[in-house]
Amino acid sequence: MSLLDSALVLFSGGQDSTVCLAWALERFARVETVGFDYRQRHAVELAVRPRIRELMPAIFARWGERLADDHVVRIDALAEISDTALTREAAIDIADSGLPTTFVPGRNLIFLSFAGAIAYRRGIKHLVAGMCETDFSGYPDCRDDTIKAMQVALTLGMDRRFAVHTPLMWIDKAATFALAQAIGGDKFIDLLLAETHTCYLGDRVNRHDWGYGCGQCPACRLRAQGFAKWKAGWKAGA
Ligand code: ZN
């Protein structure tokens, strides 16, 4: 990888993918973004994407020079084959399978396939995505082995070398905050807290020290715990 290369970031408007976007903007000369609209209940994520992209150049001018096209792909078929709390007004809970009911089976396989097709057509080798195995929610399509298998599948299936980067794979939410600060300082942390969205219920009304959200859903609890842990470590001078 070199600063001459281009990258495509799977950018949902959530905290993790926004950190991945910043990570990519520090490493690649040209960074495109892709988001997926599959009628997810927290469609507010899609709504915050353009504003985050607009605000990134205010952190570093070089980010503005490198940030390029955005793509939004509608995948209605994914909603049609899903029966989960993300796409229906169902409770977020743990199913008999041990997976949260927010799980859309194989969702990241589909996202990476579409992202690979876009990258191919745009002449882009590097894909960047926010999957994470550390704060394990039981999502098998977030596992490192799954992503590596997809890299091989895309490379073989399109006869083009792809590299899938997952900078958050082995760090927890507290370390993600620390990474964000290392990349973009306090201004980037402020942007993350004020503009990104991860709440499963799409709550943009209740503002906490860790950002907007209902405070109760698994995504909010994870984010709140990570923020508290990061703050505690930071205050201790860790
Ligand atoms: Zn929430």
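First listed ligand is number 1; within each ligand, the first listed atom is number 1. Just so it is clear, the structure is predicted and the values come from calculations on it, not from any experiment.
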Worked verdict on Glu195 versus Arg51 for salt bridge (Lys or Arg N to Asp or Glu O under 4.0 Å): CA-CA 8 Å; Glu195 307 294 342; Arg51 181 162 166 80; 3.0 Å; yes

Would you check, one step at a time, whether the test ring-ring contact (aromatic ring centres under 6.0 Å, His included) holds for Phe11 with Phe36? CA-CA 8 Å; Phe11 175 56; Phe36 299 100; over 10 Å; no

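Using a 30° and 60° split on the angle between ring planes, Phe188 and Trp63 fall in the perpendicular class, above 60°. Ring geometry, Phe177 versus Phe227: the interplanar angle exceeds 60°, so the pair is classed perpendicular (tilted spans 30 to 60°).
Side-chain contact between Arg62 and Leu25 is absent, with no heavy atoms from C-beta onward closer than 4.5 Å.
Atoms of the protein (N, O or S only) found under 2.8 Å from the Zn ion (ligand 1) are Cys199 SG, Cys214 SG, Cys217 SG, Cys220 SG.
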Donor-acceptor contacts under 3.5 Å from residues 208-217 side chains, at least two apart:
unit_1: His208; atom_1: NE2; unit_2: Gly213; atom_2: O; d: 2.8

